[in-house]
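The first residue of the sequence shown is numbered 1, and numbering continues consecutively from there. All values below were derived from every heavy atom in this structure, side-chain atoms included, with hydrogens, water molecules and symmetry-related copies excluded.
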Amino acid sequence: MKAAAIILNFFIPGVGSLIIGRTGAGIAQLIIYFVGLFFALTLIGIIIGGPMMLGAWIWGLVTAATHVEQPVQVRVVDSQQPDTPGL
């Protein structure tokens, strides 16, 4: 999962972060990236948009690369045993 998140963040910052469960960071990265892209489409805005896009891209890669998956704890209940002890 971590490798897929890094690859997705390489192409579109924020998507990989959403996949690994970092929803807030993923949405923020997407917004910053696309606002930067909007600014970069104008000649004067490239000064602002370029660094915004680069920052979102780096932030996305770092978020995916430093993600530590939490172990899942599962409790198994045996439904075959009777509920009353002593029978």
Subject >> Interatomic spacing from CD1 in Ile32 to CD1 in Ile27 - rounded to 0.5 Å >> reply: 12.0 Å

Subject >> N/O donor-acceptor pair under 3.5 Å between Trp59 side chain and Gln29 backbone >> reply: no

Original post:
Is the count of non-hydrogen atoms from other residues, nucleotides or ligands lying under 6.0 Å from Leu37 atom CG greater than 12?
Top reply: yes

Original post:
Could you state the interatomic distance from OG1 (Thr66) to CD1 (Ile6), rounded to the nearest 0.5 Å?
Top reply: 9.0 Å

Subject >> Nearest heavy-atom neighbours spanning Gly60 and Ser17 >> reply: O-OG, 4.2 Å

**OP:** Kindly work out whether a path of hydrophobic side-chain contacts (I/L/V/M/F/W/Y, heavy atoms less than 4.5 Å apart) joins Leu54 to Phe11.
**Re:** yes

Original post:
What are the two closest non-hydrogen atoms of Trp57 and Asn9, and how far apart are they?
Top reply: CD1-O, 3.7 Å

Original post:
What distance separates Met52 CE from Phe39 CZ, expressed to the nearest 0.5 Å?
Top reply: 6.0 Å

Original post:
Side-chain contact, heavy-atom cut-off 4.5 Å: Thr42 with Ile46?
Top reply: no

Subject >> CD1 on Ile20 to NZ on Lys2, rounded to 0.5 Å >> reply: 8.5 Å

Original post:
Roughly how far, to the nearest 0.5 Å, is CG of Leu18 from CG of Leu30?
Top reply: 5.5 Å

Subject >> Cluster overlap Val72 with Val76, hydrophobic side-chain contacts below 4.5 Å >> reply: yes

Subject >> Ile58 CD1 to Thr63 OG1 distance, which is reported to the nearest 0.5 Å >> reply: 11.5 Å

